[in-house]
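This report concerns only the one structure given below.
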Amino acid sequence: YVTSDLATDVTINVREVKFYLHKFPLLSKSSRLRKLVLKASEECCDEINMVDFPGGPKAFEICAKFCYGMTVTLNAYNVVAACCAAEYLEMTEDVDRGNLIFKIEVFLNSSIFRSWKDSIIVLQTTKSVLPWSENLNIVGRCIDSIASKTSLDPAKITWSYTYNRKLLVSDKTAGDGMKFREKIVSVPKDWWVEDICELDIDLYKRVMTAVKSKGRMDGVAICEALKTYSVRWLPDSVDTLDSDVHSFRNKLLVETIVCLLPSDRGVGCSCSFLLKLLKVAILVGVDNSAKEDLLKRISLKLYEASVKDLLIPARPPQTTLYDIEMVLSIVKRYMMLSHDLDVAKNEMGCTDLVLGHGSLLSVGKLIDKYLEEIARDPNLSLASFIDLSQSVPEFARPVHDGLYKAIDTYLKEHLSLTKVERKKLCSLMDVKKLTMDASMHAAQNERLPLRVVVQVLFFEQVRSVAGVQPLRDTSHSTTNTDEELEKTAAEDCNSLEKQMSRIKIKEDAFQEKCELAKQSSRNSKSGIQLLPSRSRRMFDKLWGFGKGHADNRSSETSASSQSPTSMVPGDTKSSGSSSRNRRHSIS
């Protein structure tokens with residue numbers, strides 16, 4: 001009701017609310033009400049029904065008060081509804097100068113679109129008056145206002161914003177050279193990401209698309225925004241993620257975030273965030289194109305991942321705890337990309353490629369730790385373990401300590417392995433690439449096949465005799481550059497090569513001495529001959545010398561027969577044999 005001495009002469013029904021008003025003030029401001037009142041008079045009816053009125057009774061009340069000349073308070077929460085209502089009632093300048101539509105337009109331009117938080121609030125309220133707010137371009141103007149503000153130089157930001165993350169801190173040098181800590185008062189580059197997290201996913205997508213289209217925001221800030229939005233809206237519980245109530249919303253959310261990821265796959269988002277997205281994508285059942293996009297991005301940044309990131313829960317019909325096939329697919333993609341980039345580097349001389357030798361070493365250590373973790377799964381097959389282990393090239397594993405730990409864990413958890421299976425498993429490991437600590441552990445490990453234990457003991461003895469430094473394990477280093485890692489790997493390889501050459505020289509000298517002793521005491525069957533013979537057999541068995549080595553031993557025997565110590569007086573047969581060998585050797 002309107003407080004007035006005059007009786008009301010028109011009743012307007014807006015949804016469930018009746019407004020008892022006067023015709024004159026309404027008709028002086030609204031073109032549409034003129035038509036409706038005229039139509040009602042022709043039908044001899046005093047009531048006007050407006051069921052589809054945008055904004056409902058509250059928005060109509062604002063328009064009615066304006067018609068009566070009352071003070072109307074507009075703010076970010078009601079201006080959109082009032083704007084749509086005024087447009088519905090056709091309260092234009094043609095009807096009356098300074099009408100409501102004009103007043104609202106001035107308020108939007110001078111106040112709302114200049115304010116960061118008001119622009120976001122107004123954008124949120126547009127959803128309740130669709131499609132009116134869309135047709136009047138209020139949604140588009142809000143989005144453009146928000147996107148433009150995110151692209152400004154942070155130094156020019158003067159308004160308030162929400163920032164609950166850790167503030168940046170830097171060192172500032174005082175005039176006397178002393179350093180002290182102070183909080184940076186300047187605005188961080190990603191100051192805007194938390195405020196827009198309150199938007200619904202469809203509006204958020206449009207805002208982020210507009211932000212990216214401005215071309216002034218780097219991939220790191222875009223990924224930070226997407227990560228913050230994911231944390232805000234994606235539930236932590238697996239049951240909640242997979243529930244029928246929220247399944248569609250979660251699926252739409254993940255697909256939208258994947259769609260908004262920066263176009264440059266090599267930078268921006270961390271591998272940890274991408275793997276978390278992949279886990280959720282698998283749980284909610286997103287389409288294959290979104291998963292494929294995530295896999296490509298993860299493959300480029302696999303060297304950044306942790307073991308926890310790679311523990312992707314398996315889905316039926318898989319029987320293992322974790323999705324081993326998915327990880328194997330990622331590793332193979334990484335290795336393929338690494339090879340392709342190496343080819344491109346050689347062909348085009350590119351030096352700014354993402355993947356390098358140091359990255360490959362990081363992936364090798366990561367997969368060894370991952371193997372150790374999944375080896376505890378009783379349902380993990382030997383074939384899956386071997387396939388994943390062999391997906392990493394040899395040069396990515398200069399040290400085999402991590403692989404040894406994974407093999408030992410698998411042997412511990414799978415006691416039913418046959419002797420053949422245990423040998424096949426242990427054949428993945430090169431005992432020459434174990435550090436001193438790992439070798440000492442392996443030498444006392446009852447789970448390893450006896451042959452492997454003997455090899456470990458033998459090579460440790462060889463190291464000590466040859467004076468070769470044991471291999472170094474750099475797996476705990478977190479600051480090594482690619483060049484340092486390559487240098488370390490090269491030093492280890494050179495050490496192994498020198499070790500092998502020294503061993504061969506010692507083996508040749510050892511066999512020559514054995515043959516000399518054998519020729520000098522040919523008619524004696526003393527037990528002293530058994531020791532070098534047995535040692536040589538074990539040496540040959542462990543090293544697996546081929547035909548070429550047998551030929552070397554044969555020539556060494558011929559040469560040793562020329563030694564004076566092998567000549568026994570009166571033994572003409574031996575002398576004749578020696579002469580033949582000499583003639584054969586000269587020819």
Side-chain angles (χ1 to χ4, degrees), residues 1-115 118-119 121-142 145:
Y1 291 92
V2 178
T3 303
S4 174
D5 295 337
L6 298 175
T8 58
D9 54 3
V10 63
T11 302
I12 299 178
N13 299 322
V14 181
R15 297 179 187 176
E16 70 281 2
V17 179
K18 288 180 179 292
F19 290 87
Y20 296 92
L21 305 171
H22 303 88
K23 292 179 181 178
F24 176 74
L26 298 179
L27 302 185
S28 65
K29 299 288 185 183
S30 172
S31 175
R32 184 160 190 151
L33 282 176
R34 288 178 184 178
K35 300 171 188 174
L36 292 174
V37 168
L38 180 61
K39 183 179 179 181
S41 299
E42 293 174 352
E43 296 175 356
C44 299
C45 180
D46 293 334
E47 291 193 7
I48 298 173
N49 295 312
M50 290 190 289
V51 181
D52 59 342
F53 192 84
K58 289 185 177 181
F60 181 81
E61 184 179 351
I62 291 173
C63 296
K65 283 183 176 181
F66 182 82
C67 291
Y68 277 89
M70 299 179 184
T71 301
V72 175
T73 303
L74 294 176
N75 54 49
Y77 294 94
N78 64 13
V79 67
V80 176
C83 182
C84 295
E87 287 287 347
Y88 181 90
L89 294 174
E90 300 174 4
M91 300 174 73
T92 64
E93 291 296 288
D94 296 336
V95 179
D96 187 36
R97 188 175 180 181
N99 214 339
L100 185 56
I101 291 177
F102 173 77
K103 300 281 187 182
I104 290 175
E105 189 66 25
V106 171
F107 177 68
L108 286 172
N109 291 326
S110 63
S111 178
I112 295 298
F113 295 142
R114 291 188 178 185
S115 168
D118 282 350
S119 296
I121 293 170
V122 167
L123 182 58
Q124 288 176 297
T125 62
T126 57
K127 201 162 187 178
S128 62
V129 285
L130 288 173
W132 280 88
S133 59
E134 192 73 67
N135 295 336
L136 294 174
N137 199 30
I138 299 175
V139 176
R141 292 162 72 190
C142 284
S145 170

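We use all heavy atoms of the structure for the numbers below, so side chains are in, but hydrogens, waters and symmetry mates are not. Quick note: residue numbers are just sequence positions, from 1.
Applying side chain to side chain contact (heavy atoms under 4.5 Å, CB included) to C83 and the options I138, L74, V129 leaves one that passes, I138.
We find the CZ-NZ distance between F24 and K29 to be 10.0 Å, quoted to the nearest 0.5 Å. Taking OG1 of T92 as the start and CD1 of I101 as the end, the distance is 6.0 Å to the nearest 0.5 Å. Atom OG of S41 sits about 12.5 Å away from atom NZ of K39, to the nearest 0.5 Å. A distance of 8.5 Å separates CG in L26 from CE in M91, rounded to the nearest 0.5 Å. Atom SG of C84 and atom CD of E134 lie 10.5 Å apart (nearest 0.5 Å). Remark: L108 CG to L136 CG distance equals 10.0 Å, nearest 0.5 Å.
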Review point. Would S133 and T126 satisfy side chain to side chain donor-acceptor pair (under 3.5 Å), going step by step from the backbone distance to the final call?
Key: CA-CA 6 Å; S133 59; T126 57; 4.5 Å; no
Point to revise | M50 vs L36, side chain to side chain contact (heavy atoms under 4.5 Å, CB included): CA-CA, chis, key distance, verdict | key: CA-CA 10 Å; M50 290 190 289; L36 292 174; 4.0 Å; yes
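What you find for A76 and V122 is that their closest heavy atoms are O-CG2, 3.5 Å. In terms of heavy atoms, F66 sits closest to L100 at CE2-N, 3.4 Å. Considering every non-hydrogen atom in both H22 and Y68, the closest pair reads N-OH, 2.7 Å. Residue N78 comes nearest to T73 through the heavy atom pair ND2-O, 3.1 Å, listed as atom of the first residue, atom of the second, then distance. The minimum heavy-atom distance between F19 and P57, with the atom names listed, is CZ-O, 3.6 Å. Nearest heavy atoms, P54 versus A59: O-CB, 3.7 Å.
Side-chain contact check for L33 versus I12: some heavy-atom pair is nearer than 4.5 Å. Inter-residue side-chain proximity for D96 and S28 is flagged as unmet; no heavy-atom pair is nearer than 4.5 Å. For the pair D94/S31, no side-chain contact is recorded, criterion being any heavy-atom separation below 4.5 Å from C-beta on. In this structure, the side chains of W132 and V80 stay at 4.5 Å or more apart for every pair of heavy atoms. Between I48 and N13 there is no side-chain heavy-atom pair separated by less than 4.5 Å.
A 6.0 Å sphere centred on NZ of K65 holds no more than 12 heavy atoms belonging to other residues, nucleotides or ligands. The neighbour count for Y77 OH, taken as heavy atoms of other residues, nucleotides or ligands under 6.0 Å away, does not exceed 12. Dense packing is recorded around CZ of R15, with more than 12 heavy atoms of other residues, nucleotides or ligands lying under 6.0 Å away. By the neighbour-count criterion of 12 heavy atoms within 6.0 Å, atom CZ of F102 is sparsely surrounded, having that number or fewer from other residues, nucleotides or ligands.
For E90 and R34, the salt-bridge test fails: no basic side-chain N is under 4.0 Å from an acidic carboxylate O.
By the 6.0 Å and 45° rule, R141 does not stack over the aromatic ring of F113.
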